[in-house]
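Predicted model only: the values in this text are computed from it and were never measured. Throughout, a chain's letter reflects where its sequence line sits, starting with A, and its residues are numbered from 1.
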Protein chains: 2
Amino acid sequence: MFTGCPPVAAPIRIGDKWTAKIIRCLEQGPRRFTELQTPLRGITPKVLTESLRAMERDGLLTRTAYQEIPPRVEYELTDLGRSLLEPMNAGCEWSRRHLPELIAARDAWHAAS
Amino acid sequence: MFTGCPPVAAPIRIGDKWTAKIIRCLEQGPRRFTELQTPLRGITPKVLTESLRAMERDGLLTRTAYQEIPPRVEYELTDLGRSLLEPMNAGCEWSRRHLPELIAARDAWHAAS
DNA sequence: CCGGATCCTTAAAGATACTG
DNA sequence: CAGTATCTTTAAGGATCCGG
């Protein structure tokens, strides 16, 4: 998404389907694998794993595996990951303010067709 | 992209590949079809048409066809479309400030593997 | 010049089953 | 619990040709 900014063309995984939602789930503190899987209902373990690995690589979150039985793994936002909340909130604020207009425009178009 | 905000789940075409870039291209004023195609180098007419139609439906821009020969069509941002520049700029600002950290984290990960 | 129509490729995501 | 492995699906995007 942020690749729309001309001088920046690196492919950051933010505009994909899950990254922003995962950040939201981690906003209040560290969460375990299944604690993420539940609110992100429908996400398969494969896709969740892929998303978390990519975010870990990009320094957005940390993965901590505890050597216990049963195993326990916790994911936590880094400062970098947390910094993304700011532009995300800007987007949410836009939605709150303008999404009704957009829906209305879309409905009007459908009515006209 | 902005669908990450919990109470908002409507599928707005912002996080896709072209919408944000088209808005940037229209930021300075109305543009013709081919004037958009050039800076968005590589976009095919089909995809550009699809994107513009979707944005028109959502009230982000207007399409004005002049009955001339050769034909001329101009696209221009609406106020609603222009309002998206604000959250987009927030994203760009994040990129300017934090993208180097992300790139560094990614490079460090690759080096460790 | 501005696209519509058709076909094709590919990457993200989902379904399902299985394991340390 | 926290994944891995494999297969299938799907929708975005691209290539190409055609028409008003």
Side-chain angles (χ1 to χ4, degrees), chain A residues 1-4 9-26 29-58 60-76 109 113, chain B residues 1-4 9-26 30-58 60-76 113:
Chain A
M1 160 60 187
F2 302 152
T3 59
I12 316 302
R13 282 175 62 97
I14 291 297
D16 71 339
K17 188 170 181 179
W18 297 108
T19 300
K21 294 177 183 177
I22 290 173
I23 291 178
R24 283 287 174 207
C25 290
L26 292 175
R31 293 286 183 271
R32 304 177 58 169
F33 191 86
T34 40
E35 288 176 332
L36 290 170
Q37 207 173 1
T38 302
L40 303 172
R41 56 178 188 172
I43 194 172
T44 60
K46 176 205 161 201
V47 174
L48 180 53
T49 300
E50 286 173 355
S51 301
L52 290 170
R53 291 279 190 278
M55 293 172 73
E56 186 188 4
R57 282 210 329 268
D58 287 349
L60 300 181
L61 52 78
T62 58
R63 175 183 186 274
T64 308
Y66 298 91
Q67 295 305 321
E68 307 173 354
I69 291 176
R72 183 164 58 100
V73 179
E74 283 194 341
Y75 296 92
E76 184 170 16
W109 192 92
S113 77
Chain B
M1 161 61 187
F2 301 152
T3 60
I12 315 302
R13 285 175 59 98
I14 291 297
D16 71 340
K17 188 170 179 180
W18 298 109
T19 300
K21 294 178 183 177
I22 290 172
I23 291 178
R24 282 287 173 210
C25 289
L26 292 175
R31 293 287 183 271
R32 304 179 57 171
F33 190 86
T34 41
E35 287 176 332
L36 290 170
Q37 208 173 1
T38 302
L40 303 171
R41 56 178 188 173
I43 195 173
T44 60
K46 175 207 162 200
V47 174
L48 181 53
T49 300
E50 286 173 356
S51 302
L52 290 170
R53 290 279 188 276
M55 295 172 71
E56 187 188 3
R57 283 210 328 269
D58 287 349
L60 300 181
L61 53 78
T62 58
R63 176 183 186 273
T64 309
Y66 298 91
Q67 294 306 320
E68 308 172 352
I69 291 177
R72 182 165 60 99
V73 179
E74 282 195 343
Y75 297 91
E76 185 171 15
S113 79

Q. Are OP1 or OP2 of D:dT16 and a side-chain N or O of B:Thr44 less than 4.0 angstrom apart?
A. no
In whole angstroms, the gap separating C1' of D:dG3 from CD of A:Gln37 amounts to 9 Å
Derivation of the side chain to side chain contact (heavy atoms under 4.5 Å, CB included) call for A:Leu26 and A:Glu76: CA-CA 6 Å; A:Leu26 292 175; A:Glu76 184 170 16; over 6 Å; no
So OH of A:Tyr75 and CE of A:Met55: to nearest 0.5 Å the spacing works out to 11.0 Å
Rounded to the nearest 0.5 Å, the CD1 atom of B:Ile22 sits from the CZ atom of B:Arg31 at a distance of 13.5 Å
Rounded to whole Å, the CG-P distance (A:Leu40 to C:dA12) equals 18 Å
note: A:Phe33, atom CZ; C:dG20, atom C1'; distance rounded to Å ~ 15 Å
Among C:dA13, D:dG13, C:dC2, the one nearest any side-chain atom of A:Lys17 is C:dA13
When rounded to whole Å, the CG to P distance for the pair A:Asp16 and D:dA12 reads 15 Å
Here the distance between atom C1' of D:dA12 and atom CD1 of B:Ile22, to the nearest Å, is 14 Å
Checklist entry - So, is B:Tyr75 close to the C:dG3 phosphate, meaning a side-chain N or O under 4.0 Å from OP1 or OP2? => result yes
Output for pair (B:Arg53 CZ, B:Asp58 CG), nearest 0.5 Å, gives 13.5 Å
> Do A:Glu74 and A:Tyr66 have side chains that get closer than 4.5 Å, going by heavy atoms?
Replying inline: yes
d(B:Ser51 OG, B:Ile23 CD1) to nearest 0.5 Å is 11.0 Å
Report yes if a side-chain nitrogen or oxygen of B:Arg32 is closer than 4.0 Å to either non-bridging phosphate oxygen (OP1 or OP2) of C:dC1; otherwise report no. no
In whole angstroms, the gap separating P of C:dA13 from CH2 of A:Trp18 amounts to 8 Å
Within residues 63-74 of chain B, the residues having a heavy atom closer than 4.0 Å to DNA chain D are B:Pro71
### Query
Is the closest side-chain heavy-atom distance between A:Pro45 and A:Phe33 below 4.5 Å?
yes
With respect to the phosphate group of D:dC17, does any side-chain polar atom (N or O) of B:Lys46 fall under 4.0 Å of OP1 or OP2? no
Residues of residues 47-55 of chain A with a heavy atom under 4.0 Å from any atom of DNA chain D, listed by number, are A:Thr49, A:Arg53
To the nearest 0.5 Å, atom CD1 of A:Ile43 lies from atom CH2 of A:Trp18 at 4.5 Å
Value for NZ (B:Lys21) from CG (B:Asp16), rounded to nearest 0.5 Å, stands at 10.0 Å
